[in-house]
Amino acid sequence: MKFNTKTIHGGQHDTDPAYGSVMPPIYQTSTYSQTTPGGHKGFQYSRSGNPTRSALERNLASIENGAFGLAFGSGLAAIDAVIKLLKAGDEVISTNNLYGGSYRLFTKIYEDFGITFHFVAMEDAANIERFVTKNTKLIWVETPTNPMMNIIDIKACAAIAKKHDVLLAVDNTFATPYLQTPLDLGADIVMHSATKYLGGHSDVVLGGLVVKDKELADRLYAIQNSSGAICGPQDAFLVLRGIKTLHIRMQRHCENGKAVAQYLLSNPKIENVYWPGFKDHPNHEVAKEQMRDYGGMISFTTKGNNYDEAIKIVENLKVFTLAESLGGVESLAGHPASMTHWSIPKEVREKTGIVDSLIRLSVGIEDIEDLIEDLKQAIG
Ligand code: P1T
């Protein structure tokens, strides 16, 4: 089955044996009757498993070319489950630019549990090797990174991970499997904030993991069931519905993203535009190799790097909504330094480019003329 067909049909055979409903029913139940202890029809308690959630989990596995999917109550809950594979004394090598909430989870929660995190500029994957020790258990990659749009070579990371026998996890939230499938490039775990492009309509918070390996899936399932950070059936349904149009939405996000990136580049008030589709993006060649297009996420800075000016721009936008999050059909704008990445200390975030004038755009699927007109009037 090819990708567009999988978004609609992947893992969706016979989801309603009772009536044949085309969409899986929302099984809004906590528990399932048993004829005798253990005599059930595959589900016994909805933390352990729920048919609507299972339908989504099979679909996630299908679109990411994996074998097993797991759905959680949020993207961070999914990341949390991955870190729970580790124990005190273990070390993680992570991209140095990543979602502020992931950074906060690593440094504010898991460092207290005795896990060490190294934040490394992985644009040159060879930098990873310098941080590998006998305690390294996981390489954590975001690509494109949030919000600097750095591109990390997944194949190169996978080669290092295999050489040292450590797990490679890729946060595929920005790219989605429409643009890149990390498991095909050698990753062990793919993670999603399905709150974003997979859900696609800014109406649900949900996270996902996909793996190929049965043993790893069993360990993650044990964590999902033991820690209990599952998503509810209604939310699973919404994401499943969203994924059915992922391919056509992503196509338009990419088209609009390209047009907005080119417009920003032409505006004399703009200093830098971060978008992997530009030929002079530092890892454009890697992006070209591992991605099928360049997506609708763009960050930019204004000349003079003035905090107040950046705030004024985001406040002046009318079609773009000033909001956290990304990946919905509507265009959003954010100011990472004061919003999504505020939890990263200023001196740490500035080293990776998250300066005061940085603005992040999630380019939606509206008419491109309206989006560019809006940016023109807000930036001047
Ligand atoms: O918000 P949640 O579903 O828990 O997902 C966390 C997360 C994980 N990974 C990446 C790359 C993300 O962008 C996010 C969430 N990001 C935002 C809310 C944001 O505005 O960047």
Side-chain angles (χ1 to χ4, degrees), residues 56 60 64 70-83 94-110 119 122 140-152 154 169-177 179-180 182 187 189-210 224 227 229-232 235-236 238-239 242-243 253 274 276 295-299 314 320-328 330-344 349 352 354 358-364:
L56 170 63
L60 289 174
E64 280 289 1
L70 299 116
F72 294 83
S74 69
L76 279 176
I79 301 175
D80 185 77
V82 175
I83 304 303
S94 164
T95 33
N96 65 346
N97 182 230
L98 75 169
Y99 171 53
S102 309
Y103 178 87
R104 181 177 54 203
L105 177 68
F106 295 167
T107 56
K108 294 276 186 332
I109 307 294
Y110 279 106
F119 296 96
M122 294 188 186
W140 184 267
V141 168
E142 231 184 72
T143 181
T145 64
N146 181 356
M148 296 311 301
M149 309 301 297
N150 297 338
I151 298 293
I152 316 298
I154 298 172
V170 176
D171 183 336
N172 206 25
T173 298
F174 271 34
T176 84
L179 295 179
Q180 83 191 359
I189 302 172
V190 172
M191 176 264 150
H192 274 283
S193 170
T195 316
K196 312 296 169 0
Y197 288 105
L198 299 191
H201 296 76
S202 305
D203 53 9
V204 62
V205 174
L206 192 144
L209 297 177
V210 179
Q224 184 195 42
S227 292
I230 51 149
C231 61
D235 289 348
L238 284 172
V239 172
I243 291 173
H253 282 297
Y274 302 98
M297 294 301 300
I298 302 165
S299 293
V314 292
F320 281 81
T321 303
L322 173 60
E324 305 260 347
S325 204
L326 59 110
E330 63 290 294
S331 292
L332 300 183
H335 181 247
S338 65
M339 293 170 71
T340 45
H341 293 71
W342 67 268
S343 59
I344 304 176
R349 68 172 158 76
T352 63
I354 308 174
L358 188 79
I359 291 172
R360 189 190 73 182
L361 300 179
S362 170
V363 181

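Heavy atoms only: backbone and side chains are in, while hydrogens, waters and symmetry mates are out. First listed ligand is number 1; within each ligand, the first listed atom is number 1.
- Contact check for Met297 versus Val363: no side-chain heavy atoms found under the 4.5 Å cut-off.
- Only the side chain of Thr173 comes within contact range of ligand 1, with a heavy atom under 4.0 Å; no backbone atom does.
- Inter-residue side-chain proximity for Arg360 and Thr340 is flagged as met; some heavy-atom pair is nearer than 4.5 Å.
- Between Pro177 and Leu198, the closest side-chain pair of non-hydrogen atoms falls below 4.5 Å.
- Under 3.5 Å, the side chains of Asn172 and Gln180 contain a donor-acceptor pair of N or O atoms.
- Minimum heavy-atom separation, Gly75 to Met191: O-CE, 3.4 Å.
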Review item, side-chain donor-acceptor pairs of residues 199-208, under 3.5 Å, at least two apart:
unit_1 : atom_1 : unit_2 : atom_2 : d
His201 : ND1    : Gly199 : O      : 3.0
Ser202 : OG     : Glu330 : OE2    : 2.6

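- The protein non-hydrogen atom at the shortest distance from atom 3 (O) of ligand 1 is Thr195 OG1, 2.7 Å.
- The side-chain contact (heavy atoms from CB on, under 4.5 Å) test with Met148 is passed by exactly one of Leu358, Asn96, Thr95, Leu98: Leu358.
- At a 4.0 Å cut-off, at least one heavy atom of Lys196 sits close enough to ligand 1 to count as contact.
- In terms of protein heavy atoms, atom 7 (C) of ligand 1 is closest to Tyr99 CD2, 3.3 Å.
- Not a single heavy atom of Gly101 sits closer than 4.0 Å to an atom of ligand 1.
- Close approach of ligand 1 to Ser74 (heavy-atom distance below 4.0 Å) involves ligand atoms 3 (O), 4 (O).
- Contact of the Trp140 side chain with the Val82 side chain is registered, since non-hydrogen atoms from C-beta on lie closer than 4.5 Å.
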Please output the side-chain donor-acceptor pairs of residues 101-110 that fall under 3.5 Å, not counting sequence neighbours, one pair per line with the distance.
unit_1 : atom_1 : unit_2 : atom_2 : d
Thr107 : OG1    : Tyr103 : O      : 2.8
Tyr110 : OH     : Asp80  : OD1    : 2.7

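- The residue Leu98 has no part lying near ligand 1, judged by heavy-atom distances below 4.0 Å.
- Nearest protein heavy-atom neighbour of atom 13 (O) of ligand 1: Asn146 ND2, 3.0 Å.
- Among the atoms of Thr340, none of the N or O lies under 3.5 angstrom from an N or O of ligand 1.
- Among the atoms of Val205, none of the N or O lies under 3.5 angstrom from an N or O of ligand 1.
- For a threshold of 3.5 Å applied to N or O pairs, the pair formed by Arg360 and ligand 1 contains at least one separation below that value.
- Checking each of Val210, Leu56, Leu209 against Leu70 for a side-chain contact (heavy atoms from CB on, under 4.5 Å) leaves exactly one that passes, namely Leu209.
- Residue Glu142 places no N or O, backbone or side chain, under 3.5 Å from any N or O of ligand 1.
- When hydrogens are left out, the protein atom nearest atom 5 (O) of ligand 1 is Ser193 OG, 3.0 Å; that is the closest non-hydrogen contact.
- The protein atom (non-hydrogen) at minimum distance from atom 11 (C) of ligand 1 is Asp171 OD2, 3.3 Å.
- Polar contact with ligand 1: absent for Met191 (N/O pair, distance under 3.5 Å).
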